[in-house]
Amino acid sequence: MSLIPENLDELRGKAREFALREFTEEKIRKYEEEEKYPEEIRRKAFEAGFLDMSNPWGMLVAMEEFCRVDPGLGISALSAAFGSEVIMLFGSDYLKKKYLEPVLKGEKISGFAVTEPSAGSDVAGIRSRLERRGKGYVLNGEKIFITNGTVANHFYVLARSSPPPSPEKRHHGMTMVVVESSWPGFEAEQMKGKLGMRATSTAHLKFRDVEVPEENVIGEEGKGFYYVMTFFDISRIHVATQALGIAQGALDMFTEYIINNGLNNRETYQFALADMATRVHAARLLTYDAADRLFKFAPDPVKTSMAKYFAGETAVYVTDLALKYTGMQGVTSKLEKFYRDAKIEEIWEGTNEVEKLVISRMLLKKR
Ligand SMILES: Cc1cc2nc3c(=O)[nH]c(=O)nc-3n(C[C@H](O)[C@H](O)[C@H](O)COP(=O)(O)OP(=O)(O)OC[C@H]3O[C@@H](n4cnc5c(N)ncnc54)[C@H](O)[C@@H]3O)c2cc1C
């Protein structure tokens, strides 16, 4: 049984060709060292048709193939519409026209701002405040580690709009709004020196008395937490796919190392290769299974969290093992960067522990 539609081979081939052609060693090094957002690559990837949200399987396959060659460039190229699913699912026609359309046309970039200095895994702990003033609102607060932070034209921002009704209901009273980066009171400062994914833009955002018009509220006031969780059910599949691409890329490099160094008959290397290939295959099955459910409009958060956690762990495991067995050659090769990039996959969009909590809580609830 194939979990992925069969007609994607051509697109997969094109995505691989694109990544091998555009993600040259020189560009990978340049954007990594300068910690610069690769706008030229994002534009080319868009023009080549890879950022097509009407073809979700196609986007997934492109993400896998891009990350197999270089995760930082691949993710930047394909995450220009980051967070747009909240507008697609919950936004008004006005918001879709004003904010979604230009992103889908490749003219604008979006970001999704939830994390704060006091609230990472614990989304309900956010402190940003959205207060009524006249016909609109005023936003105050800060967000950290925001992807596309220095390049996005607008952000989907979660803020507290009313106090929690009780300690058990801390997730109530949060609202999502669209905030433009050109508005007075908005500030973005690039966060440099990340372990990996240095070609992605990451910023510390500040909102000081930012005036937000009423029509920029996404969906219903007070329902923001639910919109964020719904978004995670989608975005975690994309993250699992990024991790899968990294793991496959490291496996490719390790296989090449064995062949180039005449180690085909050495049992230690054979065992390591078999171990890596088995885990990559398992991560691929979990990821495609979760995606299959989502794309049939029946997302299963347990399967999604399994895929995200296992694929992230696999990326770290495979890059670690490949480095162990390639020694000096490995630590001075592209594997070194893959190892650092892989670690991020275990953190963003929900750490491994958070994914395990989702899995176990939902399984126990079913009983
Ligand atoms: C490069 C990068 C880009 C990012 N981009 C974005 C973005 O675009 N938008 C955005 O909103 N956020 C973004 N994030 C933030 C990311 O989602 C958070 O880092 C993540 O949710 C974890 O939060 P934290 O770092 O505060 O860690 P914490 O939540 O403080 O966790 C620290 C440790 O404690 C563990 N832990 C936490 N709670 C529990 C628990 N209940 N039980 C057991 N263990 C627990 C965690 O697993 C982890 O090991 C980004 C992060 C990075 C690194």
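Only this structure's heavy atoms are used, side chains among them; waters, hydrogens and symmetry mates stay out. Both counts, for ligands and for their atoms, begin at 1 and track the order of listing. Here, residue 1 is the first one in the sequence, and each next residue gets the next number.
Checking atom 10 (C) of ligand 1 against the protein gives a heavy-atom contact under 4.0 Å. Protein non-hydrogen atoms do not reach within 4.0 Å of atom 33 (C) of ligand 1. Under the 4.0 Å distance rule, the nearest protein heavy atom to atom 14 (N) of ligand 1 falls inside the cut-off.
Evaluation of the ring-ring contact (aromatic ring centres under 6.0 Å, His included) rule for F155 yields F186 as partners, not counting sequence neighbours. The side chain to side chain donor-acceptor pair (under 3.5 Å) check on T115 picks up nothing, with sequence neighbours excluded.
Contacts between F112 and ligand 1, counted as non-hydrogen atom pairs separated by less than 4.0 Å, involve the backbone only.
Looking at E47 and R43, no side-chain N of the basic residue comes within less than 4.0 Å of a carboxylate O on the acidic one, giving no salt bridge. Under the 4.0 Å criterion applied to side-chain N and carboxylate O atoms, R279 and D275 are assigned as salt-bridge partners.
Counting the atoms of ligand 1 from 1 in the order shown, those under 4.0 Å from a heavy atom of K194 are 1 (C). Taking every non-hydrogen atom of E349 and a distance limit under 4.0 Å, the qualifying atoms of ligand 1 come out as 17 (O).
Taking a 6.0 Å sphere around CZ of F145, one finds it holds 12 or fewer heavy atoms contributed by other residues, nucleotides or ligands.
Polar contact with ligand 1: present for V114 (N/O pair, distance under 3.5 Å).
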